[in-house]
Amino acid sequence: MELQAGKTRRRSLRASSGRRNLIPPGGGDRGRRRPRTCPRALLALGPDRRALMRSPPAAHGGLSTAAAAGPAAQEPRPERAAGPQAAGGAGRLRCADHLVDMMNIKAFTLVSAVERELLTGDKEHISIECVECCGRNLYVGTNDCFIYHFLLEEKVMPTGTASFIATKQLHRHLGFKKPVTELCAASALNRLLVLCDNSITLVDMLNLEPVPSGARIKGAMTFAVNENPVSGDPFCVEVCIISVKRRTVQMFLVYEDRVQIVKEVSTPEQPLAVAVDGYFLCLALTTQYIILNYSTGLSQDLFPYCSEEKPPIVKRIGRQEFLLAGPGGLGMFATVAGISQRAPVHWSENVIGAAVCFPYVIALDDEFITVHSMLDQQQKQTLPFKEGHILQDFEGRVIVATSKGVYILVPLPLEKQIQDLLASRRVEEALVLAKGARRNIPKEKFQVMYRRILQQAGFIQFAQLQFLEAKELFRSSQLDVRELISLYPFLLPTSSSFTRSHPPLHEYADLNQLTQGDQEKMAKCKRFLMSYLNEVRSTEVANGYKEDIDTALLKLYAEADHDSLLDLLVTENFCLLTDSAAWLEKHKKYFALGLLYHYNKQDASAVQLWVKIVNGDIQDSTRSDLYEYIVDFLTYCLDQELVWTHADWLLQKSEEIGVQVFTKRPLDEQQQTSFNPDDIISCLKKYPKALVKYLEHLVIDRRLQKEEYHTHLAILYLEEVLRQRAAIGSKDAEATEMQTKLRRLLQKSDCYRVHLLKEKIQGAGLPMESAILHGKLGEHEKALHILVHEMGDFSAAEDYCLWSSEGQDTACRQRLFHTLLAMYLRAGSSAHELTVAAVDLLNHHAREFDATQVLQLLPDTWSVQLLCPFLTGAMRDSIHARRTTQVALGLAKSENLIYMYDKMKLKGNAVRLSEKKLCQLCQNPFGEPVFVRYPNGGLVHTHCAASRHTTPSSPSPGTRT
């Protein structure tokens with residue numbers, strides 16, 4: 001019984017590290033010190049992982065299961081359904097009720113590799129102790145010191161499942177009475193490292209014969225090969241052993257026929273398991289895990305662990321990263337720097353072995369194989385497997401074994417796993433798995449696969465009305481948006497050649513099937529499509545099929561009576577005319593249909609449609625001001641024939657608004673267009689109000705100086721004034737407004753026929769207009785006489801003097817004001833009103849008079865006080881003029897003095913003239929002592945200076961002296 005118990009103990013310890021764990025002799029319970037509770041930081045986790053691992057349980061100083069595993073670990077765990085025993089046992093298993101029933105996916109299938117009969121036959125006492133796989137070569141070590149060599153052949157069944165056929169090559173006894181505890185193939189050396197009876201023997205991989213030199217490593221309890229070697233020698237293997245010496249590990253170089261010790265390092269406690277990466281050793285000691293640099297001797301504590309309760313696990317899973325069995329049923333990841341870059345996985349408390357097949361961590365306990373994702377730390381699959389004690393991975397091939405048989409965990413293709421998740425509507429898990437698959441798939445193939453997965457996930461979210469998530473997936477996957485549009489009946493144009501992706505991205509025929517006829521859901525889906533199409537129509541996603549997108553968007557807007565329909569049509573768009581026009585007409589969007597016609601350069605059809613709406617022939621309440629819109633549209637229309645076609649209709653509706661089609665045309669167009677004002681006037685003869693508006697436009701706005709237009713407008717004004725006076729009999733507000741326009745035109749314009757208007761006004765009782773016309777003829781006294789004596793309007797007389805002299809010199813204005821003053825004074829002192837008017841004229845317009853002449857005209861009886869404002873202003877102006885003249889005179893004198901100084905200065909310099917002196921213009925000598933000297937000293941002939949006005953050596957004008 002003791003012997004059997006000892007075998008079981010050794011077997012479980014070997015399984016815990018894969019192949020390199022062993023409790024040393026004398027390393028049992030006696031004399032062991034239990035680990036302290038929470039000695040210090042458990043593991044230097046990354047910042048996003050520390051929160052998961054904050055509360056160590058008091059039982060053993062490890063990490064809190066609930067805190068480390070997250071919310072899933074704290075929820076009640078339902079029973080896991082038991083399946084058939086994959087290890088060949090009969091019956092069914094019931095799970096312990098503490099195991100978590102996760103939403104499983106089928107990531108691996110368990111396939112038998114070596115059956116019991118092929119290995120042990122009917123020998124019950126023979127059991128498997130260790131396995132090794134290198135390519136097609138499978139090696140098995142047994143408890144009776146035999147090594148078996150098999151060749152594996154993988155076959156794929158028509159159903160897609162894999163099977164293995166093992167062909168036995170040979171077996172050999174090592175000559176010991178102890179079990180073969182570990183095997184490791186060194187294919188570069190064609191050697192198999194065999195640990196048996198604390199010695200590592202080198203044997204040939206093919207014939208299993210020990211090397212002739214007898215090279216071996218003695219005193220080894222367990223070993224690990226450095227898969228990230230530092231020696232740089234391709235013809236050797238670096239091996240780390242846990243020595244039988246207490247608290248000692250040793251590094252060896254193993255060659256084809258010899259071994260060489262490199263380093264021996266002491267450890268603070270007895271090591272139980274080891275994994276190697278470069279210079280770093282990850283060691284499971286009696287009470288904790290550490291990272292040890294065997295080159296420098298420096299070590300980094302990771303976290304405590306009680307080896308008395310369960311065997312440790314140490315696995316190298318990648319460059320400078322290890323997987324460890326932590327407290328509380330946690331699989332912990334640690335780097336050589338002592339930090340964790342991944343969240344831990346939660347596996348069984350009784351795990352005895354672990355392996356990694358990216359992106360999964362596989363754990364083995366007494367009854368099950370569990371598969372956990374390294375990406376989201378969730379348990380993905382559970383396989384019943386009883387009596388298993390070996391779990392190892394060999395370059396992506398995962399092997400498990402019982403004491404009697406060897407099995408292989410065959411991974412299902414990641415793409416199939418992802419598709420299974422998508423079929424189960426587990427979108428987030430599928431995306432996490434797809435991202436994790438990047439490292440195992442070529443870049444181009446991954447991009448194609450990942451884009452399709454994103455698109456499938458987007459349609460799943462869309463079907464669940466998760467529109468924000470769906471939109472993000474569609475955009476990131478660069479979905480051909482027509483895949484989405486095709487779900488909506490009749491949205492794609494009839495001319496579209498689009499066909500759905502094959503195999504399909506979803507299972508729905510159309511939106512009706514997806515929503516099962518639910519109108520509310522259908523409306524939500526249509527609102528989402530409107531939003532999505534509006535976002536992508538101006539991006540690269542729309543390149544190549546903008547017509548399909550814009551046409552579908554127009555149809556959605558029209559059906560939903562959406563305000564953005566008009567915005568779409570008045571901006572750049574690619575709506576197909578045939579499909580869009582039929583759809584707009586179907587939904588009675590006639591105004592929008594007109595905009596569509598206009599965008600497609602069919603303005604005549606657009607205006608004709610809008611005219612029918614205004615006339616009530618068809619109904620569309622989109623715009624209540626459609627008539628004004630048509631006027632504005634035709635105003636900017638370059639098609640003159642179209643404008644003339646609808647001009648009468650516009651004017652019949654409203655003369656004042658309709659005429660704007662002529663009056664508000666852009667000025668640059670008016671200068672280039674062939675619209676003739678005479679033609680427009682002829683057209684407007686039937687519409688007097690419109691004619692007045694147009695003539696005002698020509699005369700006032702455009703300031704055309706053509707006598708015909710000015711006279712015509714003045715006559716129309718006059719006729720309207722006379723008509724109003726005849727109808728009303730007195731001046732009302734409207735008549736005053738029209739008279740004001742007439743007077744303003746008569747005052748400002750110089751292009752009308754004065755005599756013609758004078759004849760028409762004569763006898764009409766319009767004295768102000770008559771006065772203005774007299775003034776235009778230069779008959780100022782007659783005009784002032786009418787204003788002063790007939791109308792008695794002194795203010796109008798003053799205004800007449802101002803506007804009549806506008807643009808003239810000061811003398812002209814003085815003559816007008818003196819004429820008006822003389823007219824006031826000729827009435828004598830008996831006309832009190834004229835006297836007051838004369839005083840006011842002088843006091844208000846003092847600057848417009850010559851004070852000397854005024855004083856000679858004034859009666860002697862007028863007091864100085866009466867004319868005080870006039871006299872004060874006259875004195876001020878006189879003094880100001882005198883002082884201004886004095887200042888100007890002083891400035892002139894100063895300037896003259898400066899010129900005189902410059903001239904004297906120039907004359908003071910002697911000028912030598914000789915026969916050798918040449919004219920700088922013609923280069924001839926001077927024949928007479930007459931010359932011209934420039935300020936720069938240049939001398940020229942007088943006749944040369946007369947013909948040239950610049951100095952010979954300077955481009956600036958010169959001044960002769």
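This structure is a prediction, so every number in the text was calculated from the model and none was measured.
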Open item on the list: Take a 6.0 Å sphere around CD of E535 and say whether it holds more than 12 heavy atoms from other residues, nucleotides or ligands.
Closed with: yes

Between the CD atom in Q739 and the CG atom in L746, the distance rounded to the nearest 0.5 Å is 11.0 Å

**Message:** Would L718 and E769 count as a side chain to side chain contact (heavy atoms under 4.5 Å, CB included) here? Give the steps.
**Reply:** CA-CA 10 Å; L718 178 59; E769 288 74 8; 5.9 Å; no

Worksheet item: Do other residues, nucleotides or ligands put more than 12 heavy atoms under 6.0 Å from K689 NZ?
Response: no

Exercise. Is the closest side-chain heavy-atom distance between Y709 and I681 below 4.5 Å?
Worked result: yes

Output for pair (E708 CD, R753 CZ), nearest 0.5 Å, gives 10.0 Å

Check: Looking only at atom types and distance, does a side-chain atom of D620 sit under 3.5 Å from a main-chain N or O of F591, one as donor and one as acceptor?
Finding: yes

**Message:** Do the side chains of E720 and K741 get close enough for a salt bridge, i.e. N-O under 4.0 angstrom?
**Reply:** no

One should read off an interatomic distance between S564 OG and N534 CG, to the nearest 0.5 angstrom, of 6.5 Å

Of all heavy-atom pairs linking L742 and A714, the shortest is CD1-O, 3.7 Å

Plane angle bin for Y532 and F528 - parallel if under 30°, tilted between 30 and 60°, otherwise perpendicular = parallel

| said: Please check: side-chain N/O of K776 versus main-chain N/O of S749, any donor-acceptor pairing under 3.5 Å? | reply: yes

Inspect the contact between K589 and D561 and indicate whether a charged nitrogen and a carboxylate oxygen are less than 4.0 angstrom apart. yes

Output for pair (L821 CG, L842 CG), nearest 0.5 Å, gives 5.0 Å

Problem - Y717 side-chain N/O to T740 backbone N/O, donor-acceptor pair under 3.5 Å - result: no

Got more than 12 heavy atoms from elsewhere within 6.0 Å of CD, Q886? yes

Closest non-hydrogen contact found for A542 with R537 is CB-O, 3.5 Å

Distance col, row L609:CG vs E585:CD, nearest 0.5 angstrom, shows 8.0 Å

Original post:
Between T539 (side chain) and V536 (backbone), is there a donor-acceptor pair under 3.5 Å?
Top reply: yes

Side-chain contact, heavy-atom cut-off 4.5 Å: L820 with L816?
no

Donor-acceptor under 3.5 Å (N573 side chain, L568 main chain): yes

What I'd like to find out is whether the side chain of Y694 reaches to under 4.5 Å of the side chain of L698, using heavy atoms alone.
yes

| message | Counting only heavy atoms from other residues, nucleotides and ligands, does the tally under 6.0 Å from NZ of K588 exceed 12? | response | no

For H710 and C751 the tightest heavy-atom approach is CG-CB, 3.7 Å

Taking Q602 for its side chain and Y597 for its backbone only, find out whether a donor-acceptor pair lies under 3.5 Å.
no

I715 and Y752, any side-chain heavy atoms less than 4.5 Å apart:
no

Looking only at heavy atoms, the pair that brings G594 and A606 closest together is O-CB, 3.1 Å

Separation between CG (D548) and CG (L491), nearest 0.5 Å, reads 11.0 Å

Item to check | Polar side chain donor-acceptor pair, D679 to W644, under 3.5 angstrom | outcome: no

In terms of heavy-atom contacts, S580 and T551 come closest through OG-CG2, 3.8 Å

Q. Charged N to carboxylate O below 4.0 Å: is that the case for E656 and K693?
A. no

From the list L553, N600, L554, side-chain contact (heavy atoms from CB on, under 4.5 Å) partner of C575 resolves to L554

Could you check if a side-chain atom of Y687 sits within less than 4.5 angstrom of a side-chain atom of Q652, using non-hydrogen atoms only?
-> yes

ring-ring contact (aromatic ring centres under 6.0 Å, His included) with F817: of F870, F849, Y800, only one passes, and it is F849

Just so I know, are the side chains of Q619 and Y590 near enough to count as touching, which here means a heavy-atom distance under 4.5 Å? no

Are H780 and T819 close enough, and set up right, to give a side chain to side chain contact (heavy atoms under 4.5 Å, CB included), and what steps lead you there? CA-CA 9 Å; H780 299 299; T819 301; 5.7 Å; no

Original post:
Are the side chain of H598 and the backbone of V607 linked by a donor-acceptor contact shorter than 3.5 Å?
Top reply: no

What I want to check is whether the side chains of E707 and T711 have a donor and an acceptor closer together than 3.5 Å.
yes

D617 meets the salt bridge (Lys or Arg N to Asp or Glu O under 4.0 Å) criterion, sequence neighbours left out, with none

Under the 3.5 angstrom rule, does the side chain of H844 hit a backbone N or O of D840 as a donor-acceptor pair? yes

Heavy-atom nearest pair, E781 first then M823, reads O-CE, 3.8 Å

Next on the checklist: Less than 4.5 Å apart, side chain to side chain, heavy atoms only: is that true for V631 and K653?
Outcome noted: no

Check: Just by modelled atom types, is the V661 backbone N or O under 3.5 Å from a matching donor or acceptor in the R665 side chain?
Finding: yes

| query | Which is it for H880 and T884 under the side chain to side chain contact (heavy atoms under 4.5 Å, CB included) test, yes or no, and what are the steps along the way? | reply | CA-CA 6 Å; H880 175 70; T884 302; 3.6 Å; yes

Fill in: Intermediate values then yes/no, side chain to side chain contact (heavy atoms under 4.5 Å, CB included), I772 and W803
CA-CA 10 Å; I772 295 173; W803 66 258; 3.8 Å; yes

Original post:
Mind checking whether D639 and D603 have side chains closer than 4.5 Å, heavy atoms only?
Top reply: no

